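In what follows, a structure is listed as structure tokens, so that the remarks can point back to it.
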Protein chains: 2
Amino acid sequence: MPHVNSHLVKKLNTFVQLSERELGCLAELQSSSLRVKRGMDLVYEGQTGHMAYILQAGWACSFKLLPDGGRQIIAFPVPGDCIGLRSVLLRTSDHSFSALTDVVVSGVEASRMISIFDEFPRLGTAILWAASRDEAMIVEHLVSIGRRTAIERTAYFFLELYERLRLVGLATDKEFDCPFNQYVLADALGLSAIHVNRVLRRLRELKLMTLKKGKVIIYDAAALKRLSGFQDEQITP
Amino acid sequence: MPHVNSHLVKKLNTFVQLSERELGCLAELQSSSLRVKRGMDLVYEGQTGHMAYILQAGWACSFKLLPDGGRQIIAFPVPGDCIGLRSVLLRTSDHSFSALTDVVVSGVEASRMISIFDEFPRLGTAILWAASRDEAMIVEHLVSIGRRTAIERTAYFFLELYERLRLVGLATDKEFDCPFNQYVLADALGLSAIHVNRVLRRLRELKLMTLKKGKVIIYDAAALKRLSGFQDEQITP
DNA sequence: CGACGCTTTGACACAACTCAACAACCGTGG
DNA sequence: CCACGGTTGTTGAGTTGTGTCAAAGCGTCG
């Protein structure tokens, strides 16, 4: 992959115009590449190895496990997103990351990550901006689970994913790949897998969207937005 | 208030030993003080005034409103916590802050906030560390709402508050102030106010804890932890 | 072909919500 | 001082959304 055009560069460039030197730094950060097989954990809760990763390709999720064996998925990073940034400062990871498909990541030493804030303050700010966006998405997820019904929350979830993927050019007009099974969706949406199935059937019957064989097709984005209370946000860089 | 001993200083000092100059900077940040009446909004969603606040005294909450009038409370900052830090970078606030009691805050210009990362990198890192902790709490809140029952989640909520307040010296052995009514708790826990009432009754009947007249009394912390799956975290600075 | 992972469906149980009413507790003003 | 309205807390009855259990259908892959 030509890393000067990586997803990460594309993302950060929307925040500040990056200089040659800053681009060089990003290229260096992404110089290593590590393959992770589907189902493997990149980071596990409580781990203290001081490493962050940049997702280059594939699908992953961050989650926490409960004592009773339950799982809550926090977020699904897309290519260009940072994984485990928070644990760089907390020193011990507070949640786990797992690869949902085969995945390619670039590892970044925690110390290197911190030194960037000294060496390339503008780049550091851009990274913080991206982290702030990620946090805002987690907050929105919290709102969904706390105050939206199963169908609203599901519709909202897919709309958000749709927007995110379009921004990095991974969704066409009405369609995108989404290799999540209903158990994964359930753990993300705070529902049971069986109820996810019922909700998806409902959305299909209403002719709003379908999820089939790892592909989402949006039939009626406007109606989905009405249903879920989704509003296009003004992303002001 | 002697700001060299502010809650903020106490908190950040647990992460790095602060120098004289850094303490001076924190004192400067907290030099202004603004009173906000109970029920007033400090920040509202969509606002673009580039200001962050440091909570000095009183209780507040951050929340998002839904189109249907519902509300989801994200977090309850305690004295020493930053308010609206994220909106400094996103430029437009993605959620609102409201004062639950009369409140005292110190305002910090966004530009000043950003300049700290240049001038006092260690202090900047400490602030990021605190922000990471806040984010970890939001994640835990998400897990609670997504995967814990009403009573587990309520127990967890009060245990976490208990720990946080003890860290800044605002809780005695078994007791602490908590001026939340059941509507506020409901919006935080993703429940209806009536159900909160029933859950609190249950916790009272089980002789685990009570909430009465703005005061929480913990009768059996161990049993609460067992019930909610709460585990004392190793906060490794 | 069988085994496995995933989806789909139905019947039933239960957690949490809604509505409605009432009780307790304020602070305020007559 | 008491009467008052407003806010908050409490309780019951009935409804609904979502979870649980069980079983069958489908594809894919070895």
Side-chain angles (χ1 to χ4, degrees), chain A residues 37-39 59 66 68-72 98-102 144-157 177-206 209-217 227-228, chain B residues 37-39 59 61 66 68-72 98 100-102 144-157 177-206 209-217 227-228:
Chain A
K37 278 260 161 246
R38 165 193 153 113
W59 289 89
L66 290 120
D68 68 2
R71 176 173 75 152
Q72 177 64 50
S98 184
L100 294 172
T101 64
D102 291 356
S144 254
I145 294 185
R147 282 288 178 238
R148 286 190 246 259
T149 65
I151 194 168
E152 289 167 0
R153 173 187 328 173
T154 306
Y156 195 100
F157 174 82
D177 285 330
C178 173
F180 305 159
N181 68 35
Q182 298 181 353
Y183 294 89
V184 169
L185 287 172
D187 285 341
L189 296 169
L191 299 169
S192 67
I194 290 169
H195 203 64
V196 166
N197 184 286
R198 288 193 273 248
V199 169
L200 289 177
R201 191 209 314 183
R202 197 82 223 291
L203 290 170
R204 203 186 315 136
E205 286 167 357
L206 292 170
M209 58 160 286
T210 60
L211 166 59
K212 203 169 170 183
K213 284 164 136 316
K215 210 169 207 74
V216 172
I217 305 177
L227 169 64
S228 64
Chain B
K37 278 259 161 245
R38 165 191 152 115
W59 289 89
C61 67
L66 289 118
D68 68 2
R71 177 174 73 152
Q72 176 64 48
S98 185
L100 293 172
T101 63
D102 290 356
S144 253
I145 293 185
R147 282 287 179 241
R148 286 191 245 258
T149 64
I151 195 168
E152 290 167 1
R153 163 183 345 166
T154 307
Y156 194 99
F157 174 82
D177 285 330
C178 172
F180 306 159
N181 68 33
Q182 298 181 349
Y183 295 90
V184 168
L185 287 172
D187 285 342
L189 297 170
L191 299 169
S192 68
I194 292 169
H195 203 63
V196 166
N197 182 288
R198 287 193 267 255
V199 168
L200 289 176
R201 191 212 312 184
R202 197 81 223 293
L203 289 170
R204 203 187 314 134
E205 286 167 358
L206 291 170
M209 57 159 287
T210 60
L211 166 59
K212 203 169 171 182
K213 286 162 140 313
K215 210 168 206 73
V216 171
I217 306 178
L227 169 65
S228 63

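Only a predicted model underlies this, so the values are computations on that prediction, with no experimental measurement involved. A note on names: the letters A, B, ... follow the listed sequences, proteins ahead of strands, and every chain is numbered from 1.
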Can you check the [X] [atom1] to [N] [atom2] distance for me, whole Å?
| X | N | atom1 | atom2 | value |
| --- | --- | --- | --- | --- |
| B:Arg148 | C:dA16 | CZ | C1' | 18 Å |
| B:Leu211 | D:dG9 | CG | P | 7 Å |
| B:Arg201 | C:dA16 | CZ | P | 14 Å |
| B:Lys212 | C:dC26 | NZ | P | 11 Å |
| A:Arg153 | D:dG19 | CZ | P | 8 Å |
| A:Leu100 | C:dG5 | CG | C1' | 15 Å |
| A:Ile145 | C:dA16 | CD1 | P | 15 Å |
| B:Arg202 | D:dG9 | CZ | C1' | 19 Å |

Return yes if some donor-acceptor pair links the side-chain N/O of [X] with the main-chain N/O of [Y] below 3.5 Å, else return no.
| X | Y | value |
| --- | --- | --- |
| A:Arg204 | A:Met209 | no |
| B:Asp102 | B:Arg38 | yes |
| A:Gln72 | B:Ser144 | no |
| B:Gln182 | B:Ile194 | no |

key: Angle between terminal axes - the helix from C:dC1-D:dG30 to C:dG30-D:dC1, 5 pairs each end, rounded to 10°   =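 The end axes of the helix from C:dC1-D:dG30 to C:dG30-D:dC1 are about 30° apart, to the nearest 10°.
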inquiry  = As an exercise, state the distance from OG1 of B:Thr210 to CD1 of B:Ile217, rounded to the nearest 0.5 Å.
reply    =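 Output value for this atom pair is 4.0 Å.
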ask   = Do the non-hydrogen side-chain atoms of B:Leu227 and B:Ile151 ever get within less than 4.5 Å of each other?
value =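 Sidechains of B:Ile151 and B:Leu227: in contact.
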query = With a 4.5 Å limit on heavy-atom distance, are the side chains of B:His195 and B:Leu189 in contact?
reply =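 Answer no - side chains too far apart.
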message = With a 4.0 Å cutoff (strictly under), does any side-chain N or O of A:Lys213 reach OP1 or OP2 of C:dC6?
response =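 The answer is no; no side-chain N or O of A:Lys213 sits under 4.0 Å from OP1 or OP2.
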inquiry  = It should be established whether B:Arg38 places a side-chain nitrogen or oxygen under 4.0 Å from OP1 or OP2 of nucleotide D:dT7.
reply    =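 Checking B:Arg38 against D:dT7: no side-chain N or O falls below 4.0 Å of OP1 or OP2.
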inquiry  = So that I can tick it off, tell me whether B:Asp68 and A:Arg147 are bridged by a salt bridge, with the cut-off set at under 4.0 angstrom between side-chain N and carboxylate O.
reply    =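 No.
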query = Using a heavy-atom distance cut-off of less than 4.0 Å, which residues of residues 180-199 of chain A contact DNA chain D?
reply =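 A:Gly190, A:Leu191, A:Ser192, A:Ile194, A:His195, A:Arg198 - these, ordered by number, are the residues of the stretch whose heavy atoms sit under 4.0 Å from the strand.
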query = Hey, what's the ring geometry for A:Phe157 with A:Phe180, parallel, tilted or perpendicular (30° and 60° as the breaks)?
reply =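 Ring orientation, 0 to 90° scale: tilted.
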message = What's A:Arg147 touching, base or sugar-phosphate or nothing? Going by heavy atoms closer than 4.0 Å.
response =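 Counting heavy atoms under 4.0 Å across all strands, no contact is made by A:Arg147.
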